[in-house]
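Read the structure below first, then the notes.
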Amino acid sequence: METYSSVSVYNLANYTEYLRTTAGWKNSFAYDKLIQTLIQQITDPSEAIVLGGTWRIPVMEKLLSQTFIRDLKLDGTYNEASFAREYESEWSGDAENAFFSAEVFDKHRVLLQPEVKRNERVNSKVYYILGVDVGRKGCSTEICVFKVAPQVDGAAIKSLVNLYSYDEEHFETQAIKIKNLFFQYGARAIAIDGNGLGIGLIDYMVKSQQNTDPNSDYDILPPFGVTNDAEGFYKQYRTPEMMQAHTQDAMYIIKANAPVNSEAYTYVQTQLSSGKIKFLIDEQTAKVKLLSTKVGQQMSPDQRAERMRPFTYTTILREQMLNLVEEHEGYNIILKQSSHGIKKDKFSAFLYGLYYIKQEENRRTQRRGRDLSKLMLFN
């Protein structure tokens with residue numbers, strides 16, 4: 001038998017029925033066949049057996065280098081769930097009692113290309129939002145970029161057009177990168193985590209910085225203000241420079257708690273189910289499309305990996321969402337990780353961005369309600 005980091009299925013009574021597969025998705029024929037054969041092994045062990053293996057066996061037998069595994073984990077596009085499938089024989093899919101559905105998510109993976117800056121050809125009513133989950137010392141800061149297209153009736157169409165990840169960088173460095181993204185997309189606001197580590201990043205966001213991006217129009221990045229500063233704490237940092245750059249309301253701070261989270265979870269679930277959120281296509285499909293072009297064929301592996309990054313990050317977001325299981329504390333919805341090996345930082349950034357968009361839609365509805373109340377009808 002050759003050594004693979006995969007699951008192997010053998011039928012001992014009939015060697016012509018020999019199945020070998022790398023672990024994939026639970027909602028697939030391969031997984032159903034695996035479960036069927038596993039049950040058969042229990043009910044009739046003389047007829048069938050299921051064998052599985054991980055990367056540790058080929059490394060032990062000198063068929064695979066330990067360095068190869070280490071380099072995979074250090075790669076910028078490392079995906080824990082994908083690694084678990086390919087090298088740990090762990091099947092992915094909806095966790096039991098999962099709050100989100102793989103089928104619903106995949107149905108709306110329709111965006112063919114990410115956006116790296118504001119699309120100037122879009123309707124003037126379209127706006128961009130950045131959702132930011134703050135990380136430091138072992139945790140990355142995650143950013144989701146939404147393009148929001150308001151509709152005449154009903155909720156806006158929210159397209160997740162790009163995702164960014166900054167690893168363990170100083171808060172001032174992060175502030176510079178986030179501010180540049182804000183101007184790059186001409187964003188309306190940054191929905192940012194204001195609990196814990198988030199306060200440290202916000203402290204740099206409300207100050208100006210020397211810009212390190214040579215492609216930016218700003219040599220000095222202006223300070224960013226806070227739009228929902230109910231306590232007035234950040235008003236002391238307002239400057240004429242901020243007003244001139246129109247960044248006085250650039251940040252919307254989200255201090256998540258159980259009621260806020262429950263409201264946000266319900267909104268995301270509703271918007272997903274109604275098809276109001278659009279995602280990038282999966283990275284395998286995107287890679288095939290890229291390699292079918294001369295430009296893609298001429299790219300270096302590094303250039304190709306960078307082009308695939310937003311698609312890969314979208315898949316990681318998907319896996320983080322499918323790993324969340326629902327519990328209740330009174331009227332509040334609590335989402336917990338089924339597997340703690342899968343993070344939820346990209347989902348948090350996704351959630352913050354959508355929560356801000358929800359507040360914008362509520363304000364729009366209220367404004368329209370006030371306008372209608374002024375109408376006088378005669379017959």
Side-chain angles (χ1 to χ4, degrees), residues 128-146 160 162-185 187-209 221-239 242 247-265 267-268 313 316-317 320-321 324 332-337 340 342-360:
Y128 290 78
I129 295 298
L130 307 184
V132 179
D133 180 63
V134 182
R136 187 84 169 88
K137 285 191 175 182
C139 297
S140 55
T141 288
E142 304 294 338
I143 302 171
C144 287
V145 182
F146 293 92
L160 184 61
N162 214 324
L163 302 92
Y164 297 86
S165 182
Y166 301 140
D167 292 327
E168 300 184 41
E169 294 177 305
H170 190 278
F171 279 148
E172 185 169 29
T173 304
Q174 292 189 29
I176 291 170
K177 291 185 175 183
I178 292 170
K179 287 181 178 182
N180 278 317
L181 282 179
F182 178 87
F183 290 120
Q184 197 171 304
Y185 287 96
R188 176 175 293 188
I190 301 168
I192 187 168
D193 174 20
N195 288 327
L197 288 172
I199 296 297
L201 177 56
I202 292 169
D203 282 348
Y204 282 96
M205 294 290 291
V206 298
K207 297 287 188 178
S208 59
Q209 286 89 26
L221 289 164
F224 279 29
V226 177
T227 185
N228 58 333
D229 184 17
E231 298 175 356
F233 178 78
Y234 293 102
K235 288 181 180 178
Q236 60 184 304
Y237 299 105
R238 295 202 172 214
T239 65
M242 184 189 293
T247 57
Q248 65 269 23
D249 293 324
M251 288 190 292
Y252 182 91
I253 296 178
I254 296 177
K255 294 189 176 181
N257 53 36
V260 168
N261 284 339
S262 295
E263 181 185 352
Y265 297 153
Y267 177 75
V268 174
Y313 283 176
I316 296 174
L317 168 66
Q320 289 187 4
M321 292 175 66
L324 297 171
N332 295 319
I333 300 170
I334 308 297
L335 296 187
K336 294 186 176 180
Q337 294 153 275
H340 290 283
I342 299 176
K343 299 178 180 178
K344 61 173 185 177
D345 46 8
K346 283 182 170 57
F347 172 69
S348 294
F350 177 76
L351 189 71
Y352 298 149
L354 286 170
Y355 183 77
Y356 174 85
I357 295 167
K358 181 181 186 299
Q359 308 314 307
E360 284 290 279

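- Between Lys343 and Glu142, no side-chain nitrogen of the basic residue sits less than 4.0 Å from a carboxylate oxygen of the acidic one, so the salt-bridge criterion is not met.
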Between Leu160 and Val145, is the side-chain contact (heavy atoms from CB on, under 4.5 Å) condition met? List the steps.
CA-CA 6 Å; Leu160 184 61; Val145 182; 5.7 Å; no
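- Applying the 6.0 Å contact sphere to NZ of Lys177 captures more than 12 heavy atoms from other residues, nucleotides or ligands.
- Atom CD of Glu231 has 12 or fewer neighbouring heavy atoms from other residues, nucleotides or ligands inside a 6.0 Å radius.
- Side chain of Gln359 to backbone of Tyr355: a donor-acceptor contact under 3.5 angstrom is found.
- To the nearest 0.5 Å, the span separating CZ on Phe350 from CZ on Phe146 amounts to 5.0 Å.
- The backbone N or O of Met242 lies less than 3.5 Å from a partner atom in the side chain of Thr239, making a donor-acceptor pair.
- Between the side chains of Asp345 and Gln320, at least one donor-acceptor pair of N or O atoms lies under 3.5 Å.
- The line from OH of Tyr185 to CG of Leu130 is 8.0 Å long, rounded to the nearest 0.5 Å.
- Tyr237 has its side chain within reach of Lys207: a pair of non-hydrogen atoms, C-beta onward, lies under 4.5 Å apart.
- For the pair Asn195 (side chain) and Ala256 (backbone), a donor-acceptor distance under 3.5 Å is present.
- Counting only heavy atoms from C-beta outward, the side chains of Val132 and Thr141 approach each other to under 4.5 Å.
- With Gln337 contributing its side chain and Ile342 its backbone, the two residues share a donor-acceptor pair below 3.5 Å.
- Counting heavy atoms from C-beta outward, Ile143 and Tyr166 have side chains that approach closer than 4.5 Å.
- Exactly one residue among Tyr164, Phe224, Tyr128 makes a ring-ring contact (aromatic ring centres under 6.0 Å, His included) with Phe182. That residue is Phe224.
- Inter-residue side-chain proximity for Leu197 and Phe171 is flagged as met; some heavy-atom pair is nearer than 4.5 Å.
- Atom-to-atom distance recorded for Asp133:CG and Cys144:SG is 9.0 Å, nearest 0.5 angstrom.
- Side-chain contact between Leu201 and Ile192: present, with at least one pair of heavy atoms (C-beta onward) separated by less than 4.5 Å.
- By the 4.5 Å heavy-atom criterion applied to side chains, Ile190 and Met205 are counted as neighbours.
- Here OG of Ser262 is found 5.5 Å from CD1 of Ile334. Values are rounded to the nearest 0.5 Å.
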Applying side-chain contact (heavy atoms from CB on, under 4.5 Å), run through Tyr252 and Ile254 and close with a yes or a no.
CA-CA 6 Å; Tyr252 182 91; Ile254 296 177; 3.8 Å; yes
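- Atom CG of residue Asp167 and atom CD of residue Gln174 lie 9.5 Å apart, to the nearest 0.5 angstrom.
- The cationic atom of Lys346 (NZ for Lys, CZ for Arg) lies less than 6.0 Å from the six-membered ring centre of Tyr313 and within 45° of the ring axis.
- Two residues are said to be in side-chain contact when any heavy atoms from C-beta on lie closer than 4.5 Å; Val268 and Leu351 meet this criterion.
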Ile176 vs Asn180, side-chain contact (heavy atoms from CB on, under 4.5 Å): CA-CA, chis, key distance, verdict:
CA-CA 6 Å; Ile176 291 170; Asn180 278 317; 3.7 Å; yes
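- Contact between Lys235 and Asp229 at its shortest, heavy atoms only, is N-OD2, 3.1 Å.
- Looking only at side-chain heavy atoms (C-beta outward), Asp249 and Arg188 stay at 4.5 Å or farther from each other.
- A search for ring-ring contact (aromatic ring centres under 6.0 Å, His included) contacts involving Tyr265 returns nothing, not counting sequence neighbours.
- Although no hydrogens or angles enter the test, the distance criterion places a donor-acceptor pair under 3.5 Å between the side chain of Asn228 and the main chain of Ile253.
- We find the CG-CD distance between Asp203 and Glu172 to be 12.0 Å, quoted to the nearest 0.5 Å.
- No donor-acceptor pair closer than 3.5 Å links the side chain of Ser208 to the backbone N or O of Pro223.
- Comment: Glu169 does not engage Arg136 in a salt bridge, judged by the lack of any side-chain N to carboxylate O separation of less than 4.0 angstrom.
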Begin with the C-alpha distance, continue with both residues' side-chain angles, and end with the deciding distance and a verdict on side-chain contact (heavy atoms from CB on, under 4.5 Å) for Phe347 and Leu324.
CA-CA 10 Å; Phe347 172 69; Leu324 297 171; 3.5 Å; yes
